[in-house]
Amino acid sequence: MRIAITGLIGAIVMFIWGAVAHMALPIGEMGIKLPAQQDAVLNALSQSAAGEGVYMYPSMAPEKWGDEAFRNGFIAENKDKAYAFVIYQPGGNPAIASMGPNLGKQFVSCLLGALLAAWVMALAARSFGRRVMIAGAMALFAWFALSVPYWNWYLFPIDFALGALLEQLIGWLLAGSAMAWWLGRKERVTA
């Protein structure tokens, strides 16, 4: 029960921080630009994409990478072309009409992450500072495991990656502080 309450506290703090980071601060939107000629681009994508998915432009079929002549020709032809990494949903983004389902999924995501963090914090440390450091370390681990490879391999803008770092690190330090406080309550009473 102690871990469940700790996780719930962390999820609430992280969820509120996410709202602040995206709605009141520019952190959640770092690296995201407003595109011009949106209708023309979406029309072109609808003709190029083969349904819902993640697309890279330019790209070539993985089975062609073994063909050195084809690969070298592709590289020569495309080395100076623009590059795009696109998440394509032909049915549109339902969050435009209602963010309710997305907010629900986000809270569940925060709750699952906070429950994991609460479990690790309860196992590994007996001081407030160490527990907060564990929450921060978990945020850094997630950032290095996900955002840095997206920056490195898929060319996500550095300000987008740094925004993700700020959002996660600040959020989990805040949530970790609330969680460490709750976990330490019983220990302070019995000491």
Side-chain angles (χ1 to χ4, degrees), residues 1-34 49 51-56 85-125 128-185:
M1 185 59 129
R2 181 174 164 229
I3 301 296
I5 293 171
T6 304
L8 183 59
I9 291 168
I12 291 168
V13 171
M14 191 63 190
F15 187 78
I16 291 170
W17 163 249
V20 170
H22 283 266
M23 294 170 31
L25 300 174
I27 294 172
E29 308 302 321
M30 287 175 65
I32 298 176
K33 308 272 193 241
L34 183 64
E52 173 183 310
V54 177
Y55 295 88
M56 291 190 304
F85 186 87
V86 177
I87 299 153
Y88 183 70
Q89 293 288 340
N93 183 355
I96 290 173
S98 172
M99 287 196 294
N102 293 75
L103 290 171
K105 288 184 262 185
Q106 184 62 41
F107 184 79
V108 170
S109 173
C110 290
L111 180 60
L112 293 173
L115 287 169
L116 177 61
W119 177 68
V120 172
M121 291 166 73
L123 284 177
F128 177 85
R130 285 187 179 174
R131 286 179 171 144
V132 174
M133 287 183 356
I134 287 170
M138 291 177 79
L140 287 173
F141 174 81
W143 184 75
F144 279 114
L146 293 171
S147 294
V148 171
Y150 287 170
W151 162 78
N152 180 40
W153 293 105
Y154 301 116
L155 306 179
F156 278 38
I158 189 67
D159 50 348
F160 185 87
L162 292 175
L165 172 64
L166 290 172
E167 182 180 353
Q168 294 302 308
L169 185 58
I170 293 169
W172 284 110
L173 288 173
L174 291 170
S177 296
M179 295 164 72
W181 169 79
W182 180 261
L183 284 172
R185 284 182 343 96

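The shown structure was predicted, so the numbers you read here are calculated from the model rather than taken from an experiment.
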Search all heavy atoms of Gly92 against all heavy atoms of Pro94 and return the closest pair with its distance. O-CD, 3.4 Å
Closest heavy-atom pair and its distance - Val132, Ala180: CG2-CB, 3.9 Å
Any chance you could measure Met138, atom CE, to Leu173, atom CG, to the nearest 0.5 Å? 12.5 Å
Measure the CZ-CG distance between Arg131 and Leu183 for me, rounded to the nearest 0.5 Å. 4.5 Å
Mind checking side-chain contact (heavy atoms from CB on, under 4.5 Å) for Tyr154 and listing every partner two or more places apart, or none if nothing turns up? Met56, Tyr83, Phe85, Tyr150, Phe156
Over all heavy atoms of both residues, which pair between Met121 and Ala135 is shortest? Give the atoms and the distance, please. SD-CB, 4.3 Å
Between CD1 of Ile158 and CG of Asn152, what distance do you get to the nearest 0.5 Å? 10.0 Å
Interatomic distance, Leu165 atom CG to Phe160 atom CZ [nearest 0.5 angstrom]: 12.5 Å
Heavy-atom neighbours of Tyr88 OH exceed 12 at 6.0 Å: yes
Taking all heavy atoms of Gly136 and all of Leu169, pick out the closest pair and write down the distance. O-CD1, 3.7 Å
Sequence neighbours left out, cut at 3.5 Å: what donor-acceptor pairs do the side chains of residues 4-24 make with other protein atoms?
from	atom 1	to	atom 2	distance (Å)
Thr6	OG1	Arg2	O	2.7
Trp17	NE1	Glu167	O	2.8
His22	ND1	Glu29	OE2	3.1
His22	NE2	Glu167	OE1	3.2
His22	NE2	Glu167	OE2	3.1

Listed partners of Leu166 passing side-chain contact (heavy atoms from CB on, under 4.5 Å), at least two apart: Ile27, Met30, Ile170
Within 6.0 Å of CG in Leu123, more than 12 heavy atoms from elsewhere: yes
Minimal non-hydrogen separation, Ala161 against Ser147, with atom names: CB-O, 4.4 Å
So which atom in Pro157 and which in Gly31 form the shortest heavy-atom distance, rounded to 0.1 Å? CG-O, 4.0 Å
